[in-house]
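All remarks here apply to the structure that follows.
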Amino acid sequence: MEPTLHSVAGLSGTIWLVLLVAVSLLLFALRAAFWVRILRLSKSDNRFSHVGRRLALVVRDVFLQPRFRDHSSPVHTIVWPVHLVIFWGFVVYAVSFAWSLLRGLLPDSGLPWPEQIGPIALLIDVFGALVLAALVISAVRRYVLRPEGVKRTVDAAIILTLIALVMITALAGGSAAVAYEGHASAWRPVSSALAAVVFADGRSAEIVATVFWWLHTAIVLGFFSYLPYSKHFHLLVSPFNVYFSDLSPKGSLPGDGDLSANERLDLRDFTWRELLSSLSCAECGRCDRACPSHNSGEGLSPQDVVHAFKEHMLTTGSVLARSRNGGSPAVLSDEILAPEQVWACATCYSCMEHCPVRNEHIPLLIRARRHEVSRGRVDTHLQDTLVAMTRYGNSFGQSERARAKWSVGLPFKIPDARKQAVQTLWFVGDTASYDVRAHGSTRAMAQILHAAGVEFGILYEAERCAGNDARRVGEEGLFQMLAEKNLAVLAKCTFDEIITTDPHTYNTLRNEYPALGGSFRVRHHSEVLAEILATGVLNTTPLGLRATYHDACYLGRYNGIYDAPRRTLEALGVRLTEMPRAGRDGYCCGAGGGRLWMEDRPGALERPAESRVREAAALPQVDTLVAACPKDLVMFLDAVKTANIEGRLTIRELAELVWQSVSTSIHEAEGT
């Protein structure tokens, strides 16, 4: 059977096929060139190093798609195998179509049709049936079950229909070809079964097979040309999005140059990789479902953020592309992204951690915040905090001399690391130093280090806020100032390592100070506690608590520290029950990204911290929630009150529990 040998309107089938291919390629190229022109207007971003690591990411995330796994509900559990079937069906049919197209353009080449190669024919048949079944499940999930965050657009319906038509025409043409050949084939089980049912004889099968071959070809070429005009352009863009992922530590945020000098913020103020995220978005809703600010009704939808950039690229990018020196509407003016979108983000990284195509939502919002700060459009409470940090070096607006006030009453004097060499420099952090609710855990950590024989010291009034949250609210200049002062002090000290109890401080010291010339060995106190308990240098008494543990975002998702706190609790004899959202799926307390210093949106739903303590309190036989972050501690202490569960759930910090166990053991040994 040679479908391209037939002539229509005086032109051979081969000529018609060439014309169809040319039109499809032209339409695709025009739209693709449009997107390339817009991306070229943006800032440069070197994402071309480490080719091996990038290819490994593509193999894992594109071909295996582990990020599509979602066990939050039965509705979402089915997504990974369904999407994997559709993706691999797309790959199989793309390869077989390219092969078939080449064979149709070169009818005299002697090249076999893909269906004439047994294993290839089997793949085409099986995946055709599997993809149709997966499409039915996908359509039911999208339009009937209607999960949160999944878009139900006309474009999505068109794409589902086109994919279904591709499979239907392929199977219909295949069954007609089997009927024409006059015998079933073990390599084509689906087509053979359909041929036996549909075709009584093979006399009309050749015509049917030819018609469906042309229909299939026209639909695929039309689909191809439509892709760059639709949201499903992500099918082609997302592999590049994954390949050009940021390979620097998750907790490092690049600085910005002269953004504060710009009167308006447009596409040219963002990097090409940041804008590429908007073309890669699959509108699957995973980022929204994972976002604590979205679930709390704070007005943020990470999915809508990247979608807003795509819409703005469409409406104003062409203007900029035609006139590189022309102006454009501000990308983040209120009509594009409302201020509540910009300021609601807790920078918890959950959206980026759960995005199947590795979109980078947070850098987009941070750049927007920097522009808002430069224009003075900042929450009043946040502005007061930033002023306090500028004046006093801490977010509490208290005197530098009060930074070590928490240590008063300890049975020993903590060495001043500025005046003598120490093994361990403890960078205490603002919340652990100034918030009286955290002083118990801060003193507990000091006593543990002292009892374990660790030679440690602190910086006293010379310590400044590390600047993690200042940078993430967009105050880049303040971050640089704080970092410079801290680095100047640290340069005069002699120590082997830095430890800190605050994951936000840990993140910045470990991941961002190296770019400013300060490379240190930095450890979180949960790692230190686990090590101390493992060595047996301290005697402990089993606590016998039934508790659950909260994974701090800047400790877990940002820096991968999940095991150390759990090993510590295990060593204390704590029976740990995990919350439904734990590990990389852990739910944010809502304090990060400066949200601790901002007012809640009027009419917002339950705060993230309240949702978290309710989740902990709902666990059977659990009465204690353990945190390994002073910010988490104070957030949860407030939340149990506002959620009216203060008597049902006790909030404890990790160091407190360790010192309770150690001190109990000491008292038992002394007989007191």
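As the structure is a prediction and not an experimental result, all values here were calculated from the model. Scope of the values below: all heavy atoms of this structure, side chains included, with no hydrogens, waters or symmetry mates.
Between His354 and Asp585, the side chains place a donor N or O and an acceptor N or O closer than 3.5 Å (distance only, hydrogens not considered). With no hydrogens or angles considered, a side-chain donor-acceptor pair links Asn559 and Asn511 at under 3.5 Å. With 3.5 Å as the limit, one finds a donor-acceptor pair spanning the side chains of Thr347 and Tyr554. With no hydrogens or angles considered, no side-chain donor-acceptor pair links Trp213 and Thr169 at under 3.5 Å. For the residue pair Asp155/Tyr226, the side-chain donor-acceptor check at 3.5 Å is satisfied.
A salt bridge links Glu512 to Arg472: one of the charged nitrogens lies within less than 4.0 Å of a carboxylate oxygen. Salt-bridge check for Glu353 with Lys250: passed, with a basic side-chain N closer than 4.0 Å to an acidic carboxylate O. Salt bridge annotation for Arg358-Asp61: present, with a cationic side-chain nitrogen under 4.0 angstrom from a carboxylate oxygen.
Leu123 places none of its side-chain heavy atoms less than 4.5 Å from the side chain of Trp88. Two residues are said to be in side-chain contact when any heavy atoms from C-beta on lie closer than 4.5 Å; Phe28 and Leu236 meet this criterion. In this structure the side chain of Cys345 reaches within 4.5 angstrom of the side chain of Arg369, judged on heavy atoms. Inter-residue side-chain proximity for Asp125 and Pro189 is flagged as met; some heavy-atom pair is nearer than 4.5 Å.
No more than 12 heavy atoms of other residues, nucleotides or ligands sit less than 6.0 Å from atom CH2 of Trp16. The number of heavy-atom neighbours closer than 6.0 Å to CZ of Phe240, taken from other residues, nucleotides and ligands shown, is 12 or below.
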* With ring-ring contact (aromatic ring centres under 6.0 Å, His included) as the test, would you mind laying out the steps for Phe309 and Phe270 before giving the verdict? => CA-CA 10 Å; Phe309 276 85; Phe270 296 85; 5.0 Å; yes

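Panel note: side chain Ser192, backbone Arg188; a donor-acceptor pair is recorded below 3.5 Å. Of the possible donor and acceptor atoms, none in the side chain of Arg69 sits under 3.5 Å from a partner among the backbone N and O of Pro81. Glu311 contributes no side-chain N or O that, together with a main-chain N or O of Ala308, makes up a donor-acceptor pair within less than 3.5 Å.
Under a cutoff of 6.0 Å and an axis angle of 45°, Arg273 and Phe244 do not form a cation-pi pair.
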